[in-house]
Protein chains: 2
Amino acid sequence: MEQTGIRLTVDAVVFGYAKTEGVSILLVKRKYEPFKNTWALPGGFVLEDESLEQAVTRELKEETGIAVNYLEQLYTFGEPARDPRQRIVSVAYFGLINSSMYKELHAGTDADKAEWFNITNLPHMAFDHTAIIQAATARLRAKIQYQPVGFELLDKKFSFADLEKLYTALLGRDIDRRNFRKKILSFDFLEKLPEVTHPEGQGRPSNMFRFNKKRYDQLTKKGFFFEI
Amino acid sequence: MEQTGIRLTVDAVVFGYAKTEGVSILLVKRKYEPFKNTWALPGGFVLEDESLEQAVTRELKEETGIAVNYLEQLYTFGEPARDPRQRIVSVAYFGLINSSMYKELHAGTDADKAEWFNITNLPHMAFDHTAIIQAATARLRAKIQYQPVGFELLDKKFSFADLEKLYTALLGRDIDRRNFRKKILSFDFLEKLPEVTHPEGQGRPSNMFRFNKKRYDQLTKKGFFFEI
DNA sequence: TCAAAAGTGTTTCACTTACACCCATGA
DNA sequence: TCATGGGTGTAAGTGAAACACTTTTGA
């Protein structure tokens, strides 16, 4: 009936997005055994006086320098053999950061330790982290269809083209531009920014929009249900 | 950086259903401090060589004598202050048992230790178990709309009236009998049992049906998506 | 024969889907 | 003026919702 050696960790699957590079996940290279020098999810042991969320946030900061702007619990992985040395149970979290922070890491100093990997091109990974990432990716794909999480991945100001590309990348299928715009606008939680357009390369400039979270929260309280 | 005293438990929110009594949750009365003699979710410490699922199953058997026929992980609760004595992180599970097993417990011998409580009439509970139950109830309500979990709560053979009552109870709103039947039958995973009807009290006997899980699994593989 | 519960179809409406051309800009 | 990408409306089809009477049994 006794329990002695189970130790508790948290791991974070943080998604980032850039137009040019698509959807990526933040990984760190392990410095210690087991799996020394193998890529792994950022994470670590939970301290005795901090909450699980605090632990994830702290570890992310320590290991990658990044602060997410969305975080939710994903799943707890606890198979006895998932760590070859000792019994470790890990509470996995699911995080999103917006496009501008994504860029910051790329310009950061820890680039040899933490790196972004496109979700279609992940390295071999430590522990059961491949399975954790699969679970997180499935969650993201599901979530984007019924919660406005996409906006967390974009910059504050974005064009419909940006949004459309993101959804195309996440859903893995094409979207009808007209229907998509019609639907999103009908929700009435996007603000069209006045006269702010955005030339880029070539072509007609696009209107910029902003996600109005307050408006969204009001709507959900009234029973509104977002769905792509 | 050290972690010493965090201990890991599992807790189970098991739902049962009976036509007469509605949706209930299985609780046990605690024998020891803290919260001695207070109602709590069945659960306990995870042993070092067992998986989390095994731990829940074992604890349920030990404390209530019951075996669930559906079990999934719900959420991990880990606020530092959730246990007044020590740091305990608990992985909560969500379980369903069918109507016949529900009756068994009522006829069992452990009735003073384990008991069913209607979800609309729960006692004061130990730890943060009220919050865990809230999360589980929300999950059940959501889940029943896009996964055929309702059948786990009913007997193997059931009538459309049973199914309809269950959904009415879970969703908390009335259902149009014709539309409901039309929709469920259109999924084509219910077997109409030959000539088996079921008089009860008064009124026209009803056809009995059975959930064909194999058929359902086939359909989901083909991309079918259940939705009420 | 009456009360109680089960079984059954059709119409309306809303939402989703499909689809092609013009507009604004930089090169 | 051309190439590039942004912006826009309508028609057809599909699925959801609303709705009331008949059937079968026990009392």
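Residue numbers begin at 1 in each chain, while the letters A, B, ... track the order of the sequences.
For B:Phe180 and C:dG7, the CZ to P distance is 13 Å, given to the nearest whole Å. As a whole-Å value, the separation of B:Leu190 CG from C:dG7 P is 12 Å. Taking atom CD1 on A:Ile175 and atom P on C:dC19, their separation rounds to 17 Å, with Å as the unit. The CZ atom of A:Arg181 sits 19 Å away from the C1' atom of C:dT16 (whole-angstrom rounding). Spacing between atom CZ of A:Arg173 and atom P of C:dT16 amounts to 13 Å, rounded to whole angstrom units. The nearest whole Å value for the distance from the CD1 atom in A:Ile184 to the C1' atom in D:dG7 is 16 Å. Distance CD (B:Glu164) to C1' (C:dT8): 13 Å, rounded to an integer number of Å. Across the protein-nucleic acid pair, A:Arg204 atom CZ and C:dT25 atom P stand 8 Å apart, rounded to whole Å.
Judged by closest nucleotide on DNA chain D, B:Glu227 is the one of B:Glu227 and B:Arg177 placed further toward the 5' end.
By the ring-ring contact (aromatic ring centres under 6.0 Å, His included) test, B:Phe211 is found to be paired with B:Phe151, B:Phe189, B:Tyr216, residues two or more places apart in sequence or in another chain being considered. With sequence neighbours left out, A:Ser159 forms a side chain to side chain donor-acceptor pair (under 3.5 Å) with A:Asp162. Applying the ring-ring contact (aromatic ring centres under 6.0 Å, His included) test to B:Phe94 and every residue at least two apart in sequence or in another chain returns B:Phe15. The ring-ring contact (aromatic ring centres under 6.0 Å, His included) check on B:Tyr70 picks up nothing, with sequence neighbours excluded. Here A:Thr137 pairs with nothing under the side chain to side chain donor-acceptor pair (under 3.5 Å) rule; sequence neighbours left out. A:Asn69 meets the side chain to side chain donor-acceptor pair (under 3.5 Å) test with no other residue; sequence neighbours excluded.
Taking side-chain N and O atoms only, B:Asn207 has a distance below 4.0 Å to OP1 or OP2 of C:dG7.
Proximity of the aromatic rings of B:Phe158 and B:Phe209 is defined here by a centroid distance below 6.0 angstrom, and this criterion is not met.
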Pairs: protein N or O with nucleotides 9-15 of chain C N or O, under 3.5 Å:
{"from": "C:dT10", "atom 1": "O4", "to": "B:Lys182", "atom 2": "NZ", "distance (Å)": "2.8"}

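Rounded to 10 degrees, the angle between the two end axes of the helix from C:dT1-D:dA27 to C:dA27-D:dT1 is 0°, with five pairs used at each end.
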Determine all donor-acceptor pairs shorter than 3.5 Å in which one atom belongs to a side chain in residues 178-188 of chain A; sequence neighbours excluded.
{"from": "A:Asn179", "atom 1": "OD1", "to": "A:Lys182", "atom 2": "NZ", "distance (Å)": "3.2"}
{"from": "A:Ser186", "atom 1": "OG", "to": "A:Lys183", "atom 2": "O", "distance (Å)": "2.6"}
{"from": "A:Asp188", "atom 1": "OD2", "to": "A:Arg215", "atom 2": "NH2", "distance (Å)": "3.1"}

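Sorted by first and then second residue, the pairs that involve residues 124-134 of chain B and meet side-chain hydrogen bond (donor to acceptor under 3.5 Å, both in side chains), not counting sequence neighbours, are B:Arg82-B:Asp128. For residues 141-155 of chain B, the pairs satisfying side-chain hydrogen bond (donor to acceptor under 3.5 Å, both in side chains) are B:Glu72-B:Lys143, B:Lys143-B:Gln147, with sequence neighbours left out.
Less than 4.0 Å separates DNA chain D from no heavy atom of any residue of residues 141-152 of chain B.
In this structure, the nucleotide among C:dA4, C:dG7, C:dT25 sitting nearest to the side chain of B:Gln202 is C:dA4.
A donor-acceptor pair under 3.5 Å links the side-chain atoms of A:Gln54 to the main chain of A:Ser51, judged by distance alone.
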